[in-house]
Each structure stands twice: as structure tokens, then as C-alpha cells.
2 protein chains.
Amino acid sequence: MDVTKSNFQTVLEALDDELENASFVSIDTEFTGLNSTEGRSNKLSSLDTPSERYKKVLNSSPQFIIIQFGLSIFRFDNSISKYVNKTYNFYIFPNTSTLPGLPDTKFLSQASSLGFLASQGFDFNKLIKEGIPYLNLVNEEKLRVILEKKSQSLHLHSDASSSQLSEIPADQKRFLNNITSRVETFLQNEENEEKRNAVLELHCNTIQNELIFSHVKSRYPNLLFESSKKTCNGCTVIVKKTGIQKSKTEPSETDSYVAEMQKVEDNVGFSRIIRKITDSGKLVVGHNMLLDLCHILGQFCAPLPEDYDDFKGMVNTFFPRFIDTKVMATTKPFRDLLQNSALDRLLNSLLAAPFRNIEVIPATGFPSYTDNFKNHEAGYDAFITGRCFVAMANYLEDISSSQSKTAAVHESLLVTPFYQKIFMMMVPDIPYMTISGPDLEPSREHVFHVTFPSEWKLQDIFHLFSVHGTVRVDWTGDTSAFVTLHRKENSHFVLSAMAESKLPVGCSVISYQAYLNRKSQIATLSAEVPDLSSRKRLSSPVQCNTSDVPSPKKTREDVKNMKLNKEQFVVSANWD
Amino acid sequence: MDVTKSNFQTVLEALDDELENASFVSIDTEFTGLNSTEGRSNKLSSLDTPSERYKKVLNSSPQFIIIQFGLSIFRFDNSISKYVNKTYNFYIFPNTSTLPGLPDTKFLSQASSLGFLASQGFDFNKLIKEGIPYLNLVNEEKLRVILEKKSQSLHLHSDASSSQLSEIPADQKRFLNNITSRVETFLQNEENEEKRNAVLELHCNTIQNELIFSHVKSRYPNLLFESSKKTCNGCTVIVKKTGIQKSKTEPSETDSYVAEMQKVEDNVGFSRIIRKITDSGKLVVGHNMLLDLCHILGQFCAPLPEDYDDFKGMVNTFFPRFIDTKVMATTKPFRDLLQNSALDRLLNSLLAAPFRNIEVIPATGFPSYTDNFKNHEAGYDAFITGRCFVAMANYLEDISSSQSKTAAVHESLLVTPFYQKIFMMMVPDIPYMTISGPDLEPSREHVFHVTFPSEWKLQDIFHLFSVHGTVRVDWTGDTSAFVTLHRKENSHFVLSAMAESKLPVGCSVISYQAYLNRKSQIATLSAEVPDLSSRKRLSSPVQCNTSDVPSPKKTREDVKNMKLNKEQFVVSANWD
């Protein structure tokens with residue numbers, strides 16, 4: 001079911017019950033772009049540590065936004081021993097009005113990503129006209145503060161006498177007379193025609209803006225005067241009637257406060273869905289979730305922290321129980337049974353033997369997604385992610401030697417080892433981030449860091465290591481690369497052999513550990529010159545020491561009071 | 001007439017004749033966003049100098065893009081003594097493919113701007129699916145170089161023996177066999193079914209990518225192997241047949257070169273329209289053109305220069321004769337006759353007395369734009385800009401005392417004073433940038449720079465200057481503002497009066513000139529610490545000294561060889 005502004009409130013109100021009854025939910029998102037490929041330091045490497053990978057994501061994708069969110073709710077029906085499904089496909093777009101307190105979001109798009117989505121039938125007109133707005137905690141708090149101030153000043157102003165009015169410059173008197181007459185006409189028309197949403201826009205320059213507030217506003221206590229954002233064209237003052245004024249009595253402080261706080265709730269919009277998912281405590285299933293989680297947290301919860309361990313804490317707070325089906329699909333036994341773990345191909349494989357065919361019943365009023373239909377629509381992808389999870393969990397039950405097998409596989413103990421792990425693309429020896437504890441720390445004694453002249457090609461590196469067998473090369477620049485021996489047993493001979501034979505001019509080979517130490521030294525030096533370190537963030541040092549156990553779960557209070565990197569804004573919103 | 005990918009080639013081919021016969025053209029553009037309001041230093045001020053204003057535009061809007069371009073061609077038909085019109089409305093979107101050499105453009109959008117366009121009926125689906133691509137000179141040159149290299153290496157590779165093949169790692173042999181078999185199948189299917197546009201995508205990691213090129217490609221001289229951009233998902237090698245291979249003979253070097261260069265032309269796309277407009281030498285009319293010109297130049301010509309005088313040179317090169325109707329509308333005699341110079345309101349005023357009704361005839365096959373129809377569609381706005389120009393030029397002819405009046409008003413000598421002037425919003429004493437020579441340098445002796453405690457309000461500043469009459473206040477921060485006296489004759493008393501009376505604590509008043517000198521000193525100090533100056537660019541000093549006459553027109557060669565600020569890429573493309 002597509003969800004836009006028009007049916008959002010209905011869906012939102014039904015969601016508490018839906019989630020209460022859910023067995024698990026699966027999610028997927030679509031973004032306006034994937035990666036900023038500029039800057040070599042942000043390129044993914046097969047030797048990235050989890051902390052490095054997180055920093056690369058942080059540096060390359062925060063300006064892209066989620067424009068579609070799929071939420072697929074699976075409920076195990078004991079009477080038929082099958083999962084019943086409701087899938088929602090939310091269109092999400094930042095607030096497009098320019099009212100004070102609301103961010104006028106500027107976001108990045110990647111032409112290829114939008115082109116791809118358009119080719120898959122994504123409706124961008126629907127997105128921009130009907131997309132549901134959102135606010136993260138920081139922007140919600142800003143709006144709340146502004147509206148509270150406004151609500152207070154409304155009452156202060158009505159108390160103040162008009163004796164302290166500023167002098168009207170001679171050349172502005174005609175302007176003010178004109179404005180007053182337009183406001184009178186607006187007030188008259190408004191009452192006659194009952195156009196309750198009508199607004200009057202007064203375009204003016206900065207000084208005229210001040211004059212409207214000091215000389216015109218005070219005469220019309222039943223009208224709301226709002227100063228819109230300043231643009232190239234000067235300022236705009238928006239005049240309107242509020243619903244409260246309909247009663248022809250002065251709004252009480254409480255009424256006006258309630259109205260303003262409702263405005264906050266309305267603009268928090270889609271973020272409330274995420275808060276409900278968190279509050280439900282239900283298992284959340286996704287596929288290849290790193291970008292999804294980063295974008296969901298940053299866009300709907302709070303700016304992402306710089307520190308990887310803080311990120312783990314934040315994930316544990318908002319997604320206390322999740323499974324990444326790509327981690328499952330690339331782990332034994334599935335790794336040996338599946339050719340490809342890309343979502344659409346994964347589903348195809350799971351529909352054939354040795355996997356059992358899984359029937360998922362669409363709930364009443366929800367259309368059935370035919371297989372291979374609507375690939376890359378967030379709702380559809382969320383749905384098939386859930387199906388893949390059920391299929392793989394079923395298989396684990398099927399092959400287990402346990403006596404008590406369950407069809408309600410979301411409760412299976414066999415899936416618990418996959419909790420709180422995020423797939424890490426392209427890193428064979430650390431295939432996932434461990435969010436609930438310390439990350440894997442594989443030995444990299446068979447990895448060497450090589451520097452060489454810029455004219456070197458792959459062949460030259462193969463040649464340099466030829467006596468040690470075949471190698472994998474991961475370029476880190478035009479004149480450097482990591483070299484990984486296929487035959488680990490040769491690791492101990494490399495450096496001594498290199499020392500004996502004469503290395504070519506301009507070439508050096510050091511161990512992975514020596515490379516880490518060198519980077520760490522540079523990082524320490526940079527940290528001593530704070531300014532340098534902030535500008536060098538993109539090439540931050542390799543942090544391989546993951547032995548510090550991260551706080552596995554931050555309390556919600558921790559996150560609220562966390563000093564956030566983007567805006568240094570202390571979040572203290574209360575949304576419990 | 002809407003122009004998209006599907007009819008672009010036809011329109012392009014007809015355009016030389018259209019422009020040859022044109023009397024003048026008018027243009028308009030729609031952007032994905034208007035301004036980055038972050039950063040106080042980028043806010044427009046009524047005391048901006050032209051150079052400061054240019055820098056503010058440069059700092060705040062380069063990441064937004066033009067997505068619609070209106071070109072309205074007016075031809076004066078002597079037989080009916082009326083203008084005949086053809087209006088084109090181009091949808092423009094960056095290349096969405098990920099082929100090597102083509103930029104995968106990342107661009108910024110402002111939610112409010114897209115929301116506004118959507119509310120006006122802008123079709124974003126059409127834009128993304130059918131928008132015409134473009135390349136500026138820098139990107140065109142990059143593509144040309146890459147395709148030339150490819151064209152050369154194609155022949156080098158076919159000469160090279162396969163004796164120097166790199167060793168195939170044991171664990172990759174199965175992968176390579178699999179790839180070879182898929183390529184064989186592709187080749188077979190392709191020939192049977194004549195699907196000429198079919199491509200085969202081979203997903204792989206970095207080392208497999210190298211292996212495909214070294215071991216598979218050489219066996220299939222009739223297939224094109226292209227390495228697509230690397231993504232999170234690894235690499236993709238795209239395999240396809242070229243048209244040339246249909247003949248079953250080896251393509252000659254010349255044939256292949258021609259095909260590659262045609263690919264460049266196709267991708268230069270919309271930029272060729274701008275080049276044709278430049279080459280036509282025809283008068284170009286726009287309305288409030290600063291953002292239009294900056295975006296057109298940056299997006300379709302070459303990155304904008306840092307230096308304002310270089311910008312003037314660039315405008316003169318690509319738009320050697322233009323008129324900004326907003327400059328006309330805000331200059332006498334129109335200033336006194338028109339209430340508002342916003343385009344839609346301007347048209348309304350010009351349709352009534354004392355202006356003569358102008359009939360513009362749509363050319364055969366071109367629909368007539370009804371008045372007030374499609375506001376904010378670039379084509380419509382370009383058309384009414386042209387109409388406004390004709391109406392105002394007609395009026396100048398009507399009121400002139402000259403004997404020889406002309407109806408072909410684009411030739412009127414009375415409009416020549418408006419050539420090469422760009423409207424400057426909100427600056428009363430410098431209402432336009434003079435692109436063809438030195439800018440206006442009005443006296444600002446009646447302007448003062450005031451600093452004060454942060455708790456000060458407008459009233460406090462009014463009070464400070466109360467003995468000198470009314471003033472205009474332009475805030476430059478929370479604790480500083482420019483104060484402009486309405487009564488200029490009081491200018492000389494301000495500083496001495498302030499010196500005699502005791503200024504409030506934390507308050508200082510200096511002349512505008514002293515303020516400029518102070519900023520200039522800071523700039524000099526910053527320049528001596530290059531690192532500091534580069535980071536402080538947003539708050540660059542006021543440059544009021546416009547007495548250096550800018551080179552009024554750079555040759556096209558100058559622009560080509562200009563060191564461009566964005567990428568430090570020397571442009572040397574040859575597109576004459």
C-alpha cells in the first residue's frame with residue numbers, strides 16, 4: 001500500500017495495533033544517491049576495518065536522503081501456520097514550505113540514482129507533491145523552541161502598549177497605509193467567504209518587515225503574522241487566521257500552546273513511524289543494512305556520531321534487535337548454497353530446492369506482490385527481504401537436529417546468532433560489523449603495504465611477489481597498494497626475502513601492522529594540531545584496535561543528551 | 001514546444017536557420033534551488049558592491065542545477081509589421097548512465113524549490129526520464145581525452161600478443177571460465193535475435209575486472225569491453241557490440257574515432273544550444289538575469305571564475321549582446337509607471353495604458369501561450385520576457401521625439417543603453433552590474449558601520465541616530481549593522497556629534513570608508529597566511545574599488561585557456 005500525505009494519519013493511527021500483533025517487520029529504503037566517489041580516501045577497500053568503513057559511509061553519503069521507505073509487517077497466524085503480511089510503501093520528502101522553524105532542506109542527488117529509479121517506475125511527481133515530511137530530534141527541538149517562543153511572545157505582545165512604536169520613515173508611510181488596507185480587505189473577504197486556508201502574503205524589504213510587525217500587527221490581534229524566510233526577493237510576511245480565532249474569543253495560552261505543539265507533531269511526520277518501530281521492540285529485518293541504518297538514523301532520529309562506538313550505541317538504541325539477511329546469506333550453510341546474495345537473485349535461489357516454498361498470505365485489503373514485480377520499490381524490497389528471512393530461517397529449522405521444530409521461525413533460536421550484525425561489503429576476513437559487542441579482529445600477517453613508482457602496473461606488483469605465490473592487490477593510491485598473499489604460510493618469509501634481494505628503486509614493502517603504526521603516529525601528530533586534524537578528517541587513520549568493548553546499548557537518555565557532531569546541538573527532546 | 005531527448009536532434013538541426021532569421025531571442029531558466037541561506041556572510045545586503053554580490057552568488061548556488069530552459073525566438077515580420085514567435089521549453093537533466101568518461105553528476109536541490117515547481121505542474125518524471133544531457137567544456141574535454149585513449153588502446157591491444165598474460169590465480173579460474181561461457185552465449189544470442197542494444201553486464205571485484213581485460217577481452221575483437229564505475233557492489237564490466245561490427249570487418253581506426261567523437265557530440269547535448277545562441281550574435285533578452293547567467297555559464301560553458309572581472313569577460317564572450325528587462329523596468333521612465341517589476345506583474349502592467357497592446361503571432365505549428373498561463377514554466381517565462389521587452393521598447397519609441405520611429409524595436413537605438421547590464425536586487429545606489437565596463441561607484445558618505453551589544457534592538461539604533469533624522473538599518477550580524485541616513489546632508493556631522501556625546505558602552509560608529517579599510521587590512525593579513533585565507537573565503541573582504549576597468553570582452557581563446565577555479569583544469573577544447 002502506497003502511503004503519502006493523504007493517508008499517512010490513518011496508517012499512523014493503525015500502526016500501534018499492527019506492531020503490537022506483528023511477529024517481525026522487514027524494511028528497505030530508496031535514496032537519492034549512493035556514494036560520492038570523489039576522494040580516493042573514501043573508496044571501499046577489502047581491508048577496511050569496521051570503524052574505517054563507518055567513517056567512509058559517514059563522509060560520502062550524508063547529504064543524500066531517503067525518499068521511499070518500505071515497511072513490511074509479518075504476523076504469524078497460528079490457525080493456518082503461515083505468515084500474514086501487510087506492506088506499506090511510504091513516499092518521503094522534506095517539508096517544502098518556508099514557514100519559520102522548519103528546515104528548508106538542501107539535499108544531494110546523484111543523476112544515475114534518480115535515472116535508475118525513474119527507469120523502475122518511481123513516481124517523482126507523487127514524491128514531491130505528496131511525500132510525507134519528517135524531522136529528526138534536533139530539528140524537532142529547534143521547531144519546538146521557536147514555536148514556544150512565538151507562543152510566549154504572542155501574549156507578551158498583546159500586553160505591551162503601543163506607546164513605544166518606532167518612528168515611521170516618511171517614505172514608508174504610503175507603504176504602510178497600503179498594507180493596512182490590504183489586511184483590512186483580507187480580513188473582510190476571509191469572513192465572508194469562509195476560505196479558512198487563505199493566507200495573505202505581504203512582500204517587503206527588511207525595514208518594511210520590521211514596520212509591519214511594530215505598526216500593523218498590533219492592530220489585528222485575531223490575525224497571525226509570520227515572517228517567512230528572507231529570499232533574494234526580500235522578505236515575505238504571511239498573514240492568516242488560526243482555527244482558534246473562529247471562536248471570536250482571545251485564544252487562551254493553553255489553547256495556543258496545544259495548537260503549536262500539534263504543528264510540531266505534524267511536521268515530525270514520518271519520523272514517528274521509526275519511533276513506533278523502536279518502541280515496539282519487534283525484530284527488524286533488512287538486507288545489506290549499513291546504508292539503510294545510517295540514513296534512517298541520521299534523517300529521522302539524530303545526526304550520526306563521528307565515533308564508530310557511539311554509532312553502535314545509537315543503532316542498539318533505535319534498533320535493539322535486527323537481522324541483516326545479507327549476513328545470513330553469506331554465512332554457512334547459505335554461503336555454499338547460494339550463488340549470489342543480491343536481493344532479487346537471493347529470492348530466486350530461495351524459491352528453489354533445497355529450500356521449502358514459503359507461502360506468505362497478504363492481509364485483507366493488501367494487494368499481493370507477484371514475484372519479481374516492482375523490484376527496487378522500497379515496499380516490495382522490504383517484503384521480499386522478509387520472505388528471504390523466513391525461507392532461510394525455515395531451512396535452519398529443517399536441517400537442525402532439534403526435536404522441537406517451529407514454523408514461527410522468527411522465534412527460532414537458530415537465528416539469534418545473526419542478531420545485531422551488519423553486512424560489510426567486500427571485506428572477506430571481516431564480513432560484518434558486530435553492533436552488540438567487539439568486532440572480529442582477524443590476523444592480517446599475510447598483508448603488506450607496498451609503495452612504488454607511479455608508472456607501475458598490476459603486473460609489476462605480481463612480479464615483485466612472484467616467489468611467494470599469487471597475491472591480491474588492493475590499490476590505495478597511484479603509488480601504493482595492499483598486497484595479500486593467497487598462501488598465508490609464506491607470510492613470514494616475505495620481509496626477510498625482500499630485505500635480501502634488492503628492491504627496485506622507489507619501492508618499499510612493510511607489514512600491515514607497521515603500516516597501521518605509521519598511520520597511528522600521523523594521527524597523533526595531527527591531533528596535536530587540532531586545526532590540521534579537523535581538515536584531515538577524510539584521511540583519518542586506520543583504527544584496527546577494536547578490543548575496547550563498546551557500550552552495547554545506550555539508553556535513550558544517553559542518545560538524547562549525546563553531543564552530536566553535525567550541529568553541536570544538545571538534544572533534549574522528550575518523545576517518550 | 002516541449003523539447004526532450006526524443007525530439008532534441010530535430011530541434012537542434014532546425015535551430016541554425018531559426019537563429020539566422022531571428023530578430024532577438026529571450027530566455028529563462030528553472031533551477032533545483034535558489035540559495036543556501038546558511039552563513040550570514042552570504043546574505044544579500046542593500047550595500048553589496050557588484051563584486052561582493054557576484055561572490056555571494058558564487059558561494060551560495062553553484063551546486064544547484066538548471067532543469068528547464070526556455071528559448072523564445074522572435075522574428076519581426078515586415079509584411080505584417082509584427083513579431084512572430086517560436087518558443088521552446090527544454091527539459092534538461094545530467095547524464096544518468098555510468099559509462100566511463102561521463103560525469104555522474106551530484107547536484108543539490110532545495111525542498112521548497114522543488115515543491116514550488118511541482119505545485120506549478122512541473123513534470124519531474126519527464127525531466128529525469130527524458131531530460132536532455134549536457135557537458136560543459138571541461139567535462140567535454142575529459143570525455144574526449146578518455147574516448148581518444150580508448151580508441152588508441154583498442155588498436156594497441158589488438159596488436160599486442162597474448163604472450164604477456166598475467167598468471168590466473170587458482171581461485172579465479174572457475175570465475176573466468178564462467179565469464180567466458182556467458183560472453184559466448186551473449187555473442188550467440190545477439191546474432192540470432194538482432195537485439196542491437198543488448199549489453200552484457202559482468203559483476204566482479206577489482207582483480208576479476210583486471211583478469212577480464214587481460215584474459216577474456218583479447219579473444220573477442222568484435223565486442224566492446226567497457227569498465228563501468230566502481231560502486232559499493234564492486235566493479236561492472238559492460239560488454240556490447242558496436243554498430244561498426246555489423247559489417248563483420250575490423251573497424252578502421254578512422255571509423256572508430258568518428259564513432260567515439262559522435263558520442264562526445266551526443267553527450268554535449270543541450271550545451272550545443274547555448275553555443276549556437278552565442279554564435280548567432282543575436283540580442284538575448286532575460287529578466288533578472290544574474291542567477292540565470294551564472295548557472296548557464298557554469299553548467300553549459302565552463303566553471304565560473306573566482307574573479308568578478310573574469311566573470312564579466314566570460315559573460316561578454318558567451319552573451320556579447322543582452323538586455324535584462326528588470327533593469328529596464330526599474331529605470332526611468334518605467335520605474336515611475338510600474339508598481340512591481342516581478343515578471344508576471346510586469347506583464348500585467350504592460351498590457352494596460354499607457355502601454356500599447358503588443359500582438360505577437362505564434363509561428364505555424366507553435367501553440368499560442370495564453371496570458372497568465374503556465375507561469376514559471378521556463379518557456380512561458382522566456383516568452384513573456386520577450387513580450388515585456390517589446391512593450392517597453394515600443395513605449396520608448398512612442399515617447400521619443402525622433403522622426404523615424406520603428407516597429408522593429410529590437411533595432412531601436414533607444415534600447416542600446418540597456419545592453420550588458422545585469423539587475424542587482426536590493427541595492428538602491430547600484431541597481432545593476434555593468435558588464436561592458438566599470439561599475440557605478442556611488443558615494444556612501446552617508447553610510448556608517450555601527451557595532452553594539454547583542455541585546456540591542458532596531459529601536460536602540462534609531463535612538464542613537466535620532467538627532468540626524470530617520471535612517472535605514474542593514475544588519476550585518478547580531479552586534480553590527482550598516483546605518484544609512486535618509487538625509488544625506490547630515491552625513492558630515494555624524495562622526496563629530498558621536499565624538500562629542502558619549503557613546504553607549506560597547507558601541508562604536510565608523511564611516512563606511514573606514515569600515516572598508518579595516519576589512520581590507522584583515523584581508524591582507526589573511527592573504528599572508530594562505531591557509532587561513534582559503535578557509536575564510538566565505539567572509540572575504542569588501543572590494544569596493546571598481547576603478548580598474550575590466551577587460552570588456554575576453555576572446556573565446558582566453559576563456560578556453562583561463563585557469564578555472566573549480567577544478568584547475570585547463571580548458572583547451574576546440575568547438576569552433
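Only this structure's heavy atoms are used, side chains among them; waters, hydrogens and symmetry mates stay out. Note that this is a predicted model, so its numbers are computed, not measured.
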Within the side chain of H468(A), is there an N or O that forms a donor-acceptor pair under 3.5 Å with the backbone of R487(A)?
no
Identify which of A342(B), S113(B), S109(B) forms the greatest number of heavy-atom pairs closer than 4.5 Å to chain A.
S109(B)
Part of F93(B) lying under 4.5 Å from any heavy atom of chain A:
side chain
Going through the checks in order, is the side-chain contact (heavy atoms from CB on, under 4.5 Å) test met by D292(B) and F31(B)?
CA-CA 9 Å; D292(B) 295 288; F31(B) 317 117; 3.9 Å; yes
Donor-acceptor side-chain pairing of D104(B) and S112(A) below 3.5 angstrom
yes
Against chain A, residues from residues 114-123 of chain B with at least one heavy atom under 4.5 Å, in numeric order, are L114(B), G115(B), A118(B), F122(B), D123(B)
Is there a side-chain contact between T484(A) and L47(A), using heavy atoms and a 4.5 Å cut-off?
yes
Once rounded to the nearest 0.5 Å, what's the spacing between atom CG of L34(A) and atom CG of L291(A)?
6.5 Å
Can you tell me how far the NZ atom of K106(B) sits from the CG atom of L108(B), to the nearest 0.5 Å?
13.0 Å
Nearest 0.5 Å please: distance from the CG atom of D48(B) over to the CE atom of M426(B).
7.5 Å
Counting only heavy atoms closer than 4.5 Å, note whether N95(B) contacts chain A via side chain, backbone, both or neither.
backbone
